[in-house]
Number of protein chains: 2
Amino acid sequence: MTPDEFREAGHALVEWIASYRERLAASGYPVQATVSPGEILASLPRSAPEHGERFENVLHDFEAKLMAGITHWQHPRFFGYFPSGGSLSSVLADMLSTGLGVIGLNWQASPALTELEQATTDWLRDLLGLPDLFSGVLQDTASAATLVALICARERASNYGASREGLQDRELAPLIVYTSVQAHSSVEKAALLAGFGREHVRAIATDAQFRMIPRSLDEAIRKDRAAGLRSCAVVATSGTTATTAFDPIAPTAEIARREGLWLHVDAAMGGSAMILPEYRHYWQGIEGADSIVVNPHKWLSTAFDCSLYLVRDPEHLVRVMSTNPSYLRTAVDTQVRNYRDWGIPLGRRFRALKLWFALRTDGAEALRQRLRAHVHSARWLAAQLERTAPWKCVAPVTLQTVCVRHEPPGLGGDALDAHTRRWTALINDSGRAYLTPALVGGRWMTRISIGSEYVSEQSVAELWRIMQEAVAEPASLRSSRS
Amino acid sequence: MTPDEFREAGHALVEWIASYRERLAASGYPVQATVSPGEILASLPRSAPEHGERFENVLHDFEAKLMAGITHWQHPRFFGYFPSGGSLSSVLADMLSTGLGVIGLNWQASPALTELEQATTDWLRDLLGLPDLFSGVLQDTASAATLVALICARERASNYGASREGLQDRELAPLIVYTSVQAHSSVEKAALLAGFGREHVRAIATDAQFRMIPRSLDEAIRKDRAAGLRSCAVVATSGTTATTAFDPIAPTAEIARREGLWLHVDAAMGGSAMILPEYRHYWQGIEGADSIVVNPHKWLSTAFDCSLYLVRDPEHLVRVMSTNPSYLRTAVDTQVRNYRDWGIPLGRRFRALKLWFALRTDGAEALRQRLRAHVHSARWLAAQLERTAPWKCVAPVTLQTVCVRHEPPGLGGDALDAHTRRWTALINDSGRAYLTPALVGGRWMTRISIGSEYVSEQSVAELWRIMQEAVAEPASLRSSRS
């Protein structure tokens, strides 16, 4: 594609995206994709074309064949999973990044890429109210950041022995990772990838508000030590996936300090709230963390992927991760950050542009207002539920997530679970809103996560009407998909 | 940013990128960034703005403050590292991806994302001449893909014991990974991250053409087995970083089969060449591989990041990688691919759009012609070197990379190394071309990697003039930076 062809196609695509967003903001699509498994695959040719086609044909095919297979995360009534940052300024930033087509293998390979990442990760750290004893790097996802954290914990516990001699060769007792029963699946995955093994991950009990119980953590550590095992790391969550609970940081950090554990704080979702001073009390004691991950691509409007990983000891991180092949060395290596040694991949996109554009075009205050509006909507919805039996909030509304069950009298156990999943699926399948069912305490509930790009008070009110309709007149909702 | 503001800013950015590419194609920038360490960082404010600014200010600042810190990978005279795919159609694809703002947590979260990935990875597999016993997934980088491969190897060798009980708990003898002395640094990094340990990576000797010697691999395995260690995996390279050498696949696969080793083929760079039938002989025996990684974001024009990971046994991959928390389960999970279980991160961009746009707007034949033109240019340059003493090609020109030394009579050893690094740095610092020095066989040489978006026969001829000038009249080159 020549620059002139790009001009024509690019302008058309800008119009397409602007129109898509306008229609989306006006709820002009069913939220959930309307295709069946295999339908799109079957509609596509079995092999790549030998000869090039006009861009407009490809965009036309996208509309005709693929759009029905999009679940619209930025839709005003998308309340699934978690918010996926969708600000249009970060869309432009990503376009600039790929338009430049540079890769940050080392500082020299594009100094701006490295230094803007230093600047914007510092900006964000300060906005989150964190002290400057933390240094930041952008990773793709919290899954990768947590894996890096556990590998760093493993290396500190083994005095770099695991990276040198492997985990098998050591005199070292098996290393144990602690996290709560409400922790994200990526913690267990990281532990198994890093060679700890699933059986060496302890799922610590939580209290009635789904927060890790420090006393239980303490007991588990004592028990493991008595059994000749070695406590290595604890992962505390700020904003759990199911209910956005915040594990208590100060007592966890105190235990970690006393026992010599690495403290990683998985604040992928909840960390963003720390741009609001009224939430900072949840991070009391955070300066005791060894590493923290916060995903601006979740609740800070930045397009996926953009995960902020903060560490207290970058030298340790670099010592664990670094490789120094001849073809990557330059004369200035001792004067600069080489972010390749701050994570798993060697190649790096110019991701910092997304943060830079988002923070500069929106400004910090607009981001704070945005988050407060989501919290306000969540509390409004919770208030409706509380006053409308048999609806029930099954977890405290800490941030912007409402955990709900509709509990008709006499319905319990598996029958209640079936009811929960039925009305949730009915809403999702109707295309009118999208919610995520989840297990908490062994029972199904429905999560309503507020924060898509175009969510509003009105769309939350509309959801509340749809929920009531789903349990009162399921047939009408069923027929709304046509 | 509203859709209307996006329209205005987006059209401006499309023009900016088109103009950037035009000026780039006309060599209108110094190739290497012209800033000193810390210069950009010092030019940026210390904190994020409280209030939003107009997009045009941000774009203006990008030009004024950051452009001098860009090393232009798509420049006609960028010959560093490896080609970074820079096609403008994949730029548009990535923009569409972020414009949609969807995340592929599971199939239902956007079925089109999953099924287009199935379709396009199949397309590419077929274009590479691979049999359909391989299934594909897109990863961010070859570093991550190789880490996944080694973890899968570890789990096969330990009968899933490492992920269950950890590496430390096993009766299992230490697991050994084999690769060549010319392998990429990501292999060693993957082995240490996965808990094998650096000391359990064997760097097998290469022949005069920098290819792994199967007999040496065989001997290393025998020696390790005799010492009570357990051979686990071999990583063969198709297109090494320093010289684009191809390790012999057929004898390596035969050894892997006989000894029960996982065979991972790191074809990050060289795999793209397999769209050309004349290169397929290098992959004789490839059906014996357990996993292969090929980076379309290197030599197949696709914007970074887009790394194709192919596996023979997807069930094994999923069994190693899968987590199944309640909030990600859907009713169709048994009928669909859930790519979250095919790699490390949970969240996934809509990356397949990049492959789809690139393959459809260019067509396979144009890609083949493009690669052949680069190979032709590399051979032309090598021919000039061979007939112009004391220039010398120090490695066979297999693909599009020329490895060169200028060896004035009487200069050897460290003095020759200093000379090599001096004329290379002189060219890089002049901004007229960009080359990568590298060690091979303990001595420095200079790599010329041909394949940037705007490279041409003319720019390679110009490079050859610059190289001759750098050794004959260094002062003139020094003054060209002004």
Side-chain angles (χ1 to χ4, degrees), chain A residues 1 3 6-7 10 14 17-18 21-22 33 37 40-41 44 48 51-52 58 66 69 71 73-74 84 86 88-89 91 94-95 98-99 101-103 110-112 115 119 123 141 143 163 165-168 174 185 192 195-197 303 323 325-327 335-336 345 347 359-360 362-363 438-439, chain B residues 1 3 6-7 10 14 17-18 21-22 33 37 40-41 44 48 51-52 58 66 69 71 73-74 84 86 88-89 91 94-95 98-99 101-103 110-112 115 119 123 141 143 163 165-168 174 185 192 195-197 303 323 325-327 335-336 345-347 359-360 363 438-439:
Chain A
M1 181 177 274
F6 172 78
R7 269 195 183 88
V14 165
I17 291 172
R21 291 297 188 103
E22 281 164 349
I40 287 176
L41 190 58
L44 299 168
H51 301 288
V58 185
L66 297 182
T71 296
W73 284 60
Q74 308 306 330
S84 164
L88 286 166
S89 63
V91 172
D94 222 36
M95 180 180 164
T98 46
V102 302
I103 300 191
S110 265
E115 297 193 11
W123 286 8
T141 59
S143 301
S163 67
E165 298 157 40
L167 275 163
Q168 294 185 281
S185 55
L192 78 88
F196 290 87
T323 54
S326 63
Y327 43 83
Q335 306 164 51
V336 294
L359 288 170
R360 285 197 60 184
D362 285 345
L439 280 169
Chain B
M1 181 176 275
F6 172 79
R7 271 197 181 87
V14 165
I17 291 172
R21 292 297 186 103
E22 281 164 350
I40 288 176
L41 190 58
L44 298 168
H51 300 288
V58 186
L66 297 181
T71 296
W73 284 61
Q74 309 305 331
S84 164
L88 286 167
S89 63
V91 172
D94 222 34
M95 181 181 165
T98 47
V102 301
I103 300 192
S110 265
E115 296 194 11
W123 286 9
T141 59
S143 300
S163 67
E165 298 157 41
L167 276 163
Q168 295 184 280
S185 54
L192 77 89
F196 290 88
T323 54
S326 62
Y327 44 83
Q335 306 164 50
V336 294
L346 168 57
L359 288 171
R360 286 197 59 184
L439 280 168

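Keep in mind that the numbers below use all heavy atoms, side chains included, and drop hydrogens, waters and symmetry copies. Naming convention: chains lettered A, B, ... in sequence-line order (proteins, then strands); numbering from 1 in each chain.
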Notebook entry, point to check: CG/A:Asp362 to CE/B:Met1 distance, rounded to the nearest 0.5 angstrom?
Noted result: 8.0 Å
Next item on the list: With a 4.5 Å cut-off on heavy-atom pairs, point out which of A:Ala119, A:Ala112, A:Gly347, A:Ala438 contacts chain B the most.
Entry: A:Ala112
Next item on the list: Determine the minimum heavy-atom distance between A:Pro37 and B:Val336, stating which atoms define it.
Entry: CB-CG1, 3.6 Å
Checklist line | For the student: nearest non-hydrogen atoms of A:Met95 and B:Ile17, plus distance | finding: O-CD1, 3.6 Å
Check: Which atoms form the tightest heavy-atom contact between A:Ala303 and B:Thr98, and what is the distance?
Finding: CB-CG2, 4.1 Å
Next item on the list: Under 4.5 Å heavy-atom distance to chain B, tell me which part of A:Phe196 shows up: side chain, backbone, both or neither.
Entry: backbone
Notebook entry, point to check: Which pair of non-hydrogen atoms, one from B:Ala33 and one from A:Pro111, has the smallest distance, and what is that distance?
Noted result: CB-CD, 3.4 Å
Notebook entry, point to check: Can you say whether A:Val102 sits under 4.5 Å from chain B via the side chain, the backbone, both, or neither, judging by heavy atoms?
Noted result: both
Item checked: Partner chain B: residue of A:Leu192, A:Val91, A:Leu88 with the largest heavy-atom pair count (under 4.5 Å) -> A:Leu88
Notebook entry, point to check: Between A:Ser89, A:Ser185, A:Ser84, A:Gly10, which shows the greatest number of heavy-atom pairs under 4.5 Å with chain B?
Noted result: A:Ser185
Next item on the list: Just give me the residue among B:Arg360, B:Gln74, B:His51 that pairs up with chain A most often, heavy atom to heavy atom, under 4.5 Å.
Entry: B:Arg360
Checklist line | Portion of B:Leu44 that has a non-hydrogen atom of chain A nearer than 4.5 angstrom | finding: side chain
Margin query: Which heavy atom of B:Glu115 sits nearest to which heavy atom of A:Leu41, and what is that distance?
Written below: OE1-N, 2.8 Å
Margin query: Let me confirm one number: the OG1-CD1 distance from B:Thr71 to A:Ile103, rounded to the nearest 0.5 Å.
Written below: 12.5 Å
Next item on the list: Heavy-atom distances under 4.5 Å only: say whether B:Thr141 touches chain A with side chain, backbone, both or neither.
Entry: side chain
Check: At a heavy-atom separation under 4.5 Å, does B:Thr323 approach chain A through its side chain, its backbone, both, or neither?
Finding: side chain
Margin query: For a quick test of reading the model, state the closest non-hydrogen atom pair linking A:Arg21 to B:Pro3 and the distance between them.
Written below: CB-CG, 4.0 Å
